[in-house]
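A short worksheet on the structure shown next.
Order of the sequence lines sets the chain letters (A, B, ...), proteins ahead of strands, with each chain counted from 1. Keep in mind that what you see is a predicted model, and the values were worked out from it rather than measured.
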Amino acid sequence: EAQVTQNPRYLITVTGKKLTVTCSQNMNHEYMSWYRQDPGLGLRQIYYSMNVEVTDKGDVPEGYKVSRKEKRNFPLILESPSPNQTSLYFCASRPGQGFAGSNEKLFFGSGTQLSVL
Amino acid sequence: AQSVTQPDIHITVSEGASLELRCNYSYGATPYLFWYVQSPGQGLQLLLKYFSGDTLVQGIKGFEAEFKRSQSSFNLRKPSVHWSDAAEYFCAVGAPNGAGTASKLTFGTGTRLQVTL
């Protein structure tokens, strides 16, 4: 089944303890992206990747890192989490690098609810 | 930079009634426009998209949206709402780059739809 898989689904941690949220897609998609969703703010893009070893900042990249060593995986790393990073995080992917033709549909994971105490 | 405004945070309609969710965008040219739906506990699912051509676009689940350049709007409509349509709806805009694609997607803050029986 074609899907974007995020783990864990729920995570509670403490300030300053490094964590990684994994994201994997089995559709051979070139483009992957991370969003955070906060009440009243909608979805905001953190980082995105157009292809392997190509990453770029979104609208709210501060406090986050990403890597794209393989096409299928795009982990989100919080080196020193803070309470203001408590949020619902979504990973998404799509076939092409840009929105055009039939490649424009984003496939979303089920989300990771992170709480930083 | 592009931006999206969804002026209605919460809308309640009766089952069987018509629905219109508002979306206004800001972008210097014609953007790529999308509507996504998020059911509770789920990721986002694409309802419909506008790239060019016919300004009235049809989507899944009986939804349609109309692009109005003069009003910078892309409102979502459905003639008869079903109880299963209760969800959060996000409008999004992608700014085309020189290659005819768009790498960055900006989401609105969302409109939560409640359906009464």
> Going through the distances and angles, do A:F107 and B:Q45 end up as a side-chain contact (heavy atoms from CB on, under 4.5 Å)?
Replying inline: CA-CA 7 Å; A:F107 292 78; B:Q45 180 185 20; over 6 Å; no
>> Working note: A:L43 + B:L44, criterion side-chain contact (heavy atoms from CB on, under 4.5 Å); need CA distance, chi angles, decisive distance, verdict.
In response: CA-CA 10 Å; A:L43 274 81; B:L44 279 72; 4.0 Å; yes
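Within 6.0 Å of CD1 in B:I9 there are 12 or fewer heavy atoms belonging to other residues, nucleotides or ligands. Counting heavy atoms of neighbouring residues, nucleotides and ligands inside a 6.0 Å radius, atom CD1 of A:I12 does not exceed 12 of them.
Under a hydrophobic clustering in which Ile, Leu, Val, Met, Phe, Trp and Tyr are joined whenever their side-chain heavy atoms come within less than 4.5 Å, directly or via other members, A:V60 and A:W34 fall into the same cluster. Cluster membership for B:F67 and B:L47, using ILVMFWY side-chain heavy atoms within less than 4.5 angstrom, is shared. One hydrophobic cluster, built from ILVMFWY side chains closer than 4.5 Å, holds both B:V4 and B:L113. Residues A:Y31 and A:I46 are members of separate hydrophobic clusters, defined by side-chain heavy-atom contacts under 4.5 angstrom among Ile, Leu, Val, Met, Phe, Trp and Tyr.
In this structure, CZ on A:F108 lies 5.5 Å from OH on B:Y36, to the nearest 0.5 angstrom.
Looking at A:D59, both its backbone and its side chain come within 4.5 Å of chain B, counting heavy atoms on both sides. Neither the backbone nor the side chain of A:Q6 has a heavy atom closer than 4.5 Å to any heavy atom of chain B. At a 4.5 Å heavy-atom cutoff, B:Q6 makes no contact with chain A through either its backbone or its side chain. A:R44 does not touch chain B: none of its heavy atoms, backbone or side chain, sits under 4.5 Å away.
Side-chain contact between A:F90 and B:Q38: present, with at least one pair of heavy atoms (C-beta onward) separated by less than 4.5 Å.
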